[in-house]
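Only a predicted model underlies this, so the values are computations on that prediction, with no experimental measurement involved.
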Amino acid sequence: GADVNESTLKGVMASPVRMVVSQGAPVQFGAESVASCAPSEKAIGGGAAWIQPGTNSPTQLEAPVTASMPEPAIPGADGATGWRGAGRNLSGVDRAFRVYAICVPKQP
């Protein structure tokens, strides 16, 4: 604890965190989507899931997420503007593909 200068963390720890969601219409095949942060924000994480239409419940059927990554996915960069997800719905029934981005204000 003595080695950490807590004053440098105050800006990050006090930053408001906002979750952004991108969801298309239910589909029976593949889907790809991007959840974008506001221009004054950056993404610090995210994810993707197949959701049962009209709910917030994930599906338990054959619907894999095939990609979940920062947008743009540039190694070593600190400029993620959102989160990209892709997946395949193999269940045979409509499912909604939802992508989440966790956004915080850019630090000066």
Which pairs pass ring-ring contact (aromatic ring centres under 6.0 Å, His included) with one or both residues in [range], sequence neighbours excluded?
range: residues 18-41; result: none
range: residues 51-76; result: none
range: residues 72-96; result: none

#### Entry: Pairwise distance CZ(Phe97) to CZ(Arg88) - rounded to 0.5 angstrom
12.5 Å
### Message
For the CG atom of Asn89 and the CG atom of Leu61, what is their distance to the nearest 0.5 Å?
### Response
8.0 Å
Can you see which heavy atom on [X] is nearest to which on [Y], and at what distance?
X: Arg98; Y: Thr55; result: NH2-O, 3.3 Å
X: Asp94; Y: Gln28; result: OD1-CG, 2.9 Å
X: Pro70; Y: Ala80; result: CB-CB, 4.1 Å
X: Pro72; Y: Gly79; result: CD-O, 4.0 Å
X: Ser68; Y: Ala48; result: OG-N, 4.0 Å

### Task
Scan for disulfide (SG to SG under 2.5 Å) pairs involving residues 31-108, sequence neighbours excluded, and state none if there are none.
Cys37-Cys103
Results of side-chain hydrogen bond (donor to acceptor under 3.5 Å, both in side chains) for [X] - residues two or more places apart only:
X: Thr66; value: none
X: Glu32; value: Arg84
X: Ser22; value: Ser33
X: Arg95; value: Thr59

### Summary
Residues passing the side chain to side chain contact (heavy atoms under 4.5 Å, CB included) test with Ala38, sequence neighbours excluded, are Arg18, Ser40, Glu41
### Task
Decide whether Ile51 and Ile102 are clustered together by the hydrophobic rule: side chain heavy atoms of Ile, Leu, Val, Met, Phe, Trp, Tyr closer than 4.5 Å, transitively.
yes
### Message
Same cluster or not: Val99 versus Ile44, using hydrophobic residues (I, L, V, M, F, W, Y) connected whenever any side-chain heavy atoms lie under 4.5 Å apart?
### Response
no
### Message
Suppose the criterion is side-chain hydrogen bond (donor to acceptor under 3.5 Å, both in side chains): which pairs have a residue in residues 42-52, not counting sequence neighbours?
### Response
Lys42-Asp78
### Task
Not counting sequence neighbours, list each pair that qualifies as a salt bridge (charged side-chain N to carboxylate O under 4.0 Å, His left out) and has a residue in residues 49-65.
none
### Query
Apart from Val20 itself, what residues make up its hydrophobic cluster, given side-chain heavy atom links below 4.5 Å?
none
